[in-house]
2 protein chains.
Amino acid sequence: MAAKQTGFVRKTKQREVILEVLRSTKSHPTADWVYQEVRKKMPNVSLGTIYRNLKTLTEMGEALELSYGSTYSRFDGNPENHYHFVCENCGSVIDLDIPVTDALEREVAEKTGHKAASHRLEFYGLCRDCQTNDSTNGSLH
Amino acid sequence: MAAKQTGFVRKTKQREVILEVLRSTKSHPTADWVYQEVRKKMPNVSLGTIYRNLKTLTEMGEALELSYGSTYSRFDGNPENHYHFVCENCGSVIDLDIPVTDALEREVAEKTGHKAASHRLEFYGLCRDCQTNDSTNGSLH
DNA sequence: TTTAAGAATGATAGCATTTATCATCAAAGG
DNA sequence: CCTTTGATGATAAATGCTATCATTCTTAAA
C-alpha cells in the first residue's frame, strides 16, 4: 500500500536524493548501501524510508529490483531493460551490452498463450577479472 | 559448509523423501511447502533439514533454486535448464516449452569476455488463465 | 560383525533483510 | 493561512534462512 489507491505521489527531498544516489552508480547496490550513501547527505534519514522509496521508485518505473539468491535485493537505477552477468566468484553484477530481444515475448505468447509483458535474462559464470586473476579464493559477497 | 571440502555426501532417508516430494510437483514450491509435504511422511523432520538438503540437492545438480523477488526461494525438481513464466496476477510459476539457447552464453563470452556457464530467462506477465478470467482481483501470492 | 570417524539430524537460538505501526511533519491545493 | 493526507523517523515485529550443538545414523575399514 505504498501509493494507495489514488496513486498520488508527492515530491520529497528524500526520494530525490535516493534516486540521485541510485543513478550515481553502476554497482547495483543493496538497500543498505543506498542507506549509507543517503545518510552522508541526510544523516537523519530512516532505513524504512529507503525501503519505502526503493519500492515506490520501482513501481514508478524509475528503478529495477534485482534478486539473485534469496538473501537480499539489489537495485538498478537504469530502468531500461538490459541483461546482467553475475560472477559466481566475486559476486559482482555487471551490465551486459548485448541487444534486448523483445521478440522473445512474442514467441512465448504464440507458443504458450501466456502474455508476457517483460522478461529478464541473467548469465552466471566467471567474470573477466576473475578469469585472469585465477583466484580460487571465493571471496564471494 | 554443507558438504565440506571432501564433497562426500551420505545417503539419507530424509534427502530421499525431499527429492521425491520435489519431483512430484511442477509447482516450483517454497521450502515451507516442501516441509509440510515431507512432514506427512516423516512427522519429525526438521525445517533445518529441509533447507540443508534443498541446498545440497541444488549443489548436487538435482534441483534448481529460483528467486523471483526478495522474499523467498522456490525450488524446481527438474534440474535441466528451462525457462519460466511468472504470472503477475496469480503468482504462479509455469514451465515454458521453448528451446533453451545456449548460443547466448557464447555470445556473451565473445562480446564481453565474461565466461558464462549458465543462464536464466524469465518472463513476466498475465498467464493464460488470468487473461480469460479477466480477474482484476490480484489474489497474488 | 564390530567398530570408529564424521556426516546428517532435530531442536532451537540467532541473524539479516524487510515490513508494519504510529505519532508527527510537511507537500499540495485551495 | 488552513486543511488534507501522503511521507517521514523511530521503533517494533515479521519473515526467511542459517548457525550451533548434542545426538543419531551411514559408511567403510578392521
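Numbered from 1 within each chain, the chains take letters A, B, ... in sequence-line order. Note that the structure is a prediction, hence the values are computed from the model and not measured.
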Partners meeting side chain to side chain contact (heavy atoms under 4.5 Å, CB included) with B:Arg10 (sequence neighbours left out):
B:Phe8

Can you name the ring pair (Phe, Tyr, Trp, His ring centres under 6.0 Å) partners of A:His84, sequence neighbours left out?
A:His28, A:His82

Base of D:dG6 paired with side chain of A:Arg15 (donor-acceptor, under 3.5 Å):
no

Please evaluate the base of D:dG9 for a donor-acceptor partner in the side chain of A:Arg52 within a cut-off of under 3.5 Å?
yes

Atom-pair distance ([atom1] on [X]; [atom2] on [N]), nearest Å:
X	N	atom1	atom2	answer
B:Glu16	C:dT9	CD	C1'	15 Å
B:Asn53	C:dA8	CG	C1'	8 Å
B:Trp33	D:dG16	CH2	C1'	19 Å
A:Met42	D:dA10	CE	P	11 Å
A:Ile18	D:dA7	CD1	P	12 Å
B:Lys55	C:dA8	NZ	C1'	15 Å
A:Ile50	C:dT19	CD1	C1'	15 Å
A:Glu59	D:dA7	CD	P	11 Å

Return the set of residues passing salt bridge (charged side-chain N to carboxylate O under 4.0 Å, His left out) with B:Arg23 (not counting sequence neighbours), or none when no residue passes.
B:Glu62

What protein N or O atoms touch nucleotides 27-30 of chain D N or O atoms at under 3.5 angstrom, if any, and at what distances?
{"residue": "D:dT27", "atom": "OP1", "partner": "B:Lys11", "partner atom": "N", "Å": "3.1"}

Using a strict 4.0 Å threshold on nitrogen-to-oxygen distance, state whether A:Glu20 and A:Lys41 make a salt bridge.
yes

Pairs in or reaching into residues 91-115 of chain B: which pass ring-ring contact (aromatic ring centres under 6.0 Å, His included), with residues at least two apart or in two chains?
A:Phe85-B:His114

Stepwise side-chain contact (heavy atoms from CB on, under 4.5 Å) test for A:Ser67 and A:Arg120
CA-CA 11 Å; A:Ser67 33; A:Arg120 274 181 53 180; 4.1 Å; yes

Would you check if B:Asp32 and B:Ile50 make a side-chain contact, meaning some heavy-atom pair closer than 4.5 Å?
no

Say you draw a straight line from OG1 of A:Thr30 to OH of A:Tyr72; how long is it, rounded to the nearest 0.5 Å?
7.0 Å

Do the side-chain N or O atoms of A:Gln14 get closer than 4.0 angstrom to the phosphate oxygens (OP1, OP2) of C:dA26?
no

Just the table, please: protein N/O against nucleotides 16-18 of chain C N/O, every pair under 3.5 Å.
{"residue": "C:dT18", "atom": "OP1", "partner": "A:Ser73", "partner atom": "N", "Å": "2.7"}
{"residue": "C:dT18", "atom": "OP2", "partner": "A:Tyr51", "partner atom": "OH", "Å": "2.5"}

Stepwise salt bridge (charged side-chain N to carboxylate O under 4.0 Å, His left out) check, B:Arg74 with B:Glu65:
CA-CA 6 Å; B:Arg74 288 166 172 272; B:Glu65 181 178 358; over 6 Å; no

